[in-house]
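Predicted, not measured: the structure shown is a model, and the values here were computed from it.
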Amino acid sequence: MSGVWVFNNGVIRLVENPNQSGGVATHQTHGRRNVLVYLPTGEVVSSYSSLEQILRSLGWERYFHGDSDLIQYHKRSTIDLISLPRDFSKFNSVYMYDIVIKNPNSFHVRDFN
């Protein structure tokens, strides 16, 4: 089974072969753009370099033993692993919510109009 997990209106579902169905992996959901916000500063994460600085300050470290198509981070005190596409333009709400779930008091996904 392969595809992309899509979170929409409180429901998560697997979309198989997203590239064949017009592509689901974007920042936009029904015309709205989602952004990842770092709550302590209110900063909108706009690049992987800014995200990496924040994640490092929260105790996350780069993980180099996984898939070469991904940028991955792990936290020594947990079994959690954050996996992100190497291309920031493919960083979408699915990845944003993964970061929020693993750092609930530090990040939030918001609509950006």
task: Determine yes or no for a side-chain-to-main-chain donor-acceptor pair under 3.5 angstrom, with Ser93 supplying the side chain and Met96 the backbone.
output: no

statement: The salt bridge (charged side-chain N to carboxylate O under 4.0 Å, His left out) partner of Glu61 among Lys75, Arg56, Arg76 is Arg76

statement: side-chain hydrogen bond (donor to acceptor under 3.5 Å, both in side chains) filter on Gln72, not counting sequence neighbours, yields Ser83

field: Arg62: side-chain hydrogen bond (donor to acceptor under 3.5 Å, both in side chains) partners, not counting sequence neighbours
entry: none

- line: Rounded to the nearest 0.5 Å, the CG atom of Leu84 sits from the CG atom of Leu70 at a distance of 8.0 Å

task: Kindly compute the distance separating CG (Asn34) from OH (Tyr97), expressed to the nearest 0.5 Å.
output: 5.5 Å

- prompt: Between Tyr63 and His65, what is the ring plane arrangement, given parallel below 30°, perpendicular above 60°, and tilted in between?
  reply: perpendicular

task: For the residue pair Val45 and Val35, establish whether any side-chain heavy-atom pair is separated by less than 4.5 Å.
output: no

- prompt: Do Trp60 and Asp80 get their side chains close enough for a donor-acceptor pair, meaning under 3.5 Å?
  reply: no

query: Any chance the rings of Phe107 and Tyr38 have centres within less than 6.0 Å?
result: yes

field: Atom pair NE2/CD1 of His108 and Ile99 - distance to nearest 0.5 Å
entry: 14.0 Å

message: Can you confirm whether Ile71 sits close enough to Tyr48 that some side-chain heavy atom of one is under 4.5 Å from a side-chain heavy atom of the other?
response: yes

query: Hey, what do you get for CD (Glu43) to CD (Gln53), rounding to the nearest 0.5 Å?
result: 8.0 Å

message: Are the side chains of Ile82 and Asp98 in contact, using a 4.5 Å heavy-atom criterion?
response: yes

query: How many angstroms lie between CZ in Phe91 and OG in Ser47, if you round to the nearest 0.5 Å?
result: 10.0 Å

- prompt: Same hydrophobic cluster for Phe88 and Tyr95, using side-chain heavy-atom links shorter than 4.5 Å among ILVMFWY?
  reply: yes

field: Atom of Pro40, atom of Ser106 and distance for their closest heavy-atom approach
entry: CD-O, 3.6 Å

task: Indicate if Leu58 and Val100 have the same hydrophobic cluster label, given that clusters are the connected sets of ILVMFWY residues with side-chain heavy-atom separations under 4.5 angstrom.
output: yes

query: Within a strict 4.5 Å, meaning less than it, do heavy atoms of the Pro85 and Asp69 side chains meet?
result: no

query: Hey, does Ile54 have a side-chain heavy atom less than 4.5 Å from the side chain of Asn103?
result: no

- request: For side-chain contact (heavy atoms from CB on, under 4.5 Å), just list the numbers for Thr78 and Lys102, CA-CA rounded to whole Å, side-chain angles, deciding distance to a tenth of an Å, and then say yes or no.
  value: CA-CA 10 Å; Thr78 70; Lys102 293 170 182 165; over 6 Å; no

